[in-house]
Amino acid sequence: MTGAPARLLAWLAVMATLLTACTPAVDLAEPGSGQPIASASAAPATGHLEAAPSPSATETPVPPQPAPPPAVPQAFALNLYQEGDFVPQYTFDWCVAASIQMAHNLIDDTRGATWASSAQQSELWEMARARSSNSFNGANPRGWAQVLTEVGLGPYSVVSVATYEDTLQTAARAIAETGRPVGLVMWSGRHAWVMSGFESMGDPAQFPEFQVTGIRVLDPLYPHGSGQWGPSPEPNSLLTPEQLAPQFVVREPRRWSTDLPAGYLLVLPVAA
């Protein structure tokens with residue numbers, strides 16, 4: 001019986017070796033080794049991710065906002081005049097020279113060098129007349145504009161505007177844009193006034209088609225006026241367009257030689 005057990009043990013040892021060789025090796029990582037641990041319960045990857053809902057799908061649509069209402073013109077006023085700016089003409093010929101003196105005073109806010117003397121007015125008139133050319137041997141709008149520019153108050157230019165309403169708008173807009181007065185060629189080219197300010201419905205800077213309702217004027221002939229054209233308004237008077245119209249009329253073409261078309265004449269400040 002001793003031989004049989006020995007053979008049995010040897011046979012069991014061989015079988016154990018064969019079973020070990022047929023068992024697949026499984027490399028289980030040690031915990032904390034940083035290697036993934038195989039899990040029999042892990043589901044195989046499919047390669048598809050569930051899409052997150054788009055944020056826009058959950059937002060409430062914002063309705064379009066209505067356009068703001070158009071701006072409504074409001075009353076607007078601008079006046080360059082200060083006490084002491086007015087200068088009378090010292091002869092019946094020197095209206096252009098007196099208007100140049102007043103333009104200086106309106107532009108100069110320092111009040112330190114007011115132009116008002118008769119001697120200076122005579123000199124300015126001679127300057128304007130030398131730069132003018134007409135059959136009356138006086139100072140015309142071209143000479144007026146040129147002297148304003150030469151003495152440092154410009155630049156100024158002479159313009160002719162066809163319609164009365166457009167003329168008032170052009171003059172008011174120039175004052176608002178430059179801060180300088182406008183020369184008005186009055187009495188169909190025979191006289192000079194200064195427009196120092198205006199009132200309107202609408203700010204010219206905001207409304208291209210604003211309406212001028214008042215014109216601030218300085219007539220160097222005050223207080224004399226004209227029997228033909230009417231009285232001189234007090235300095236810094238506010239005239240309505242209807243009150244200004246009888247004296248501010250279309251320039252008479254034969255009064256002086258010019259290439260400008262007939263119309264309302266302005267000695268206009270130009271933005272530098």
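Keep in mind that the numbers below use all heavy atoms, side chains included, and drop hydrogens, waters and symmetry copies. All figures in this text were calculated on a predicted structure; none of them were measured in a lab.
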What heavy-atom pair brings [X] and [Y] nearest, and what distance separates the two atoms?
X    : Y    : result
Q121 : A97  : O-CB, 3.1 Å
A103 : L148 : CB-CD2, 3.8 Å
S200 : P204 : OG-CD, 4.4 Å
G179 : L80  : O-CD1, 3.6 Å
A162 : Y264 : O-CE1, 3.7 Å
A128 : V96  : CB-CG1, 4.0 Å

D219 versus W193, side-chain donor and acceptor atoms under 3.5 Å:
yes
Side-chain H-bond candidate by donor/acceptor type, D85 with N236, under 3.5 Å
no
Would you mind reporting whether [Y] and [X] have side-chain heavy atoms less than 4.5 Å apart?
X    : Y    : value
I215 : P241 : yes
I100 : M127 : no
Y156 : L268 : no
P269 : V182 : yes
D109 : Q82  : yes
P220 : V87  : no
Q169 : E209 : yes

Does [X] reach the main-chain N or O of [Y] with its side chain, forming a donor-acceptor pair under 3.5 Å?
X    : Y    : answer
S99  : C95  : yes
T91  : D93  : yes
S188 : V249 : no
S237 : V217 : no

In Å, rounded to the nearest 0.5 Å, how long is the span from [atom1] of [X] to [atom2] of [Y]?
X    : Y    : atom1 : atom2 : answer
F248 : L265 : CZ    : CG    : 7.5 Å
M195 : L106 : CE    : CG    : 12.0 Å
S117 : Q101 : OG    : CD    : 6.0 Å
H191 : S232 : NE2   : OG    : 5.5 Å
Q247 : L184 : CD    : CG    : 11.0 Å
H224 : Y222 : NE2   : OH    : 10.0 Å

Give the cluster check for [X] versus [Y]: same hydrophobic cluster or not, with ILVMFWY residues linked at side-chain heavy-atom distances below 4.5 Å.
X    : Y    : answer
V72  : F210 : no
L78  : M201 : no
F207 : L168 : yes
V270 : V194 : no
F198 : L238 : no

Side chain to side chain donor-acceptor pair (under 3.5 Å) partners for R180, two or more places apart
none
Test of understanding: with side chain to side chain donor-acceptor pair (under 3.5 Å), list the residues that count as partners of T163, not counting sequence neighbours.
D166
Is the number of heavy atoms from other residues, nucleotides or ligands within 6.0 Å of CD (E165) greater than 12?
no
Does a sphere of radius 6.0 Å around CD in E126 hold more than 12 heavy atoms from other residues, nucleotides or ligands, not counting ones at 6.0 Å or beyond?
yes
Please evaluate residues L244 and Y164 with respect to the criterion side-chain contact (heavy atoms from CB on, under 4.5 Å), reporting the C-alpha separation (whole Å), side-chain torsions for both, the decisive distance (0.1 Å), and the verdict.
CA-CA 10 Å; L244 178 66; Y164 186 60; 3.5 Å; yes
Plane angle bin for W229 and W187 - parallel if under 30°, tilted between 30 and 60°, otherwise perpendicular:
parallel
Whether W94 and W125 hold their rings parallel, tilted or perpendicular, with breakpoints at 30° and 60°:
tilted
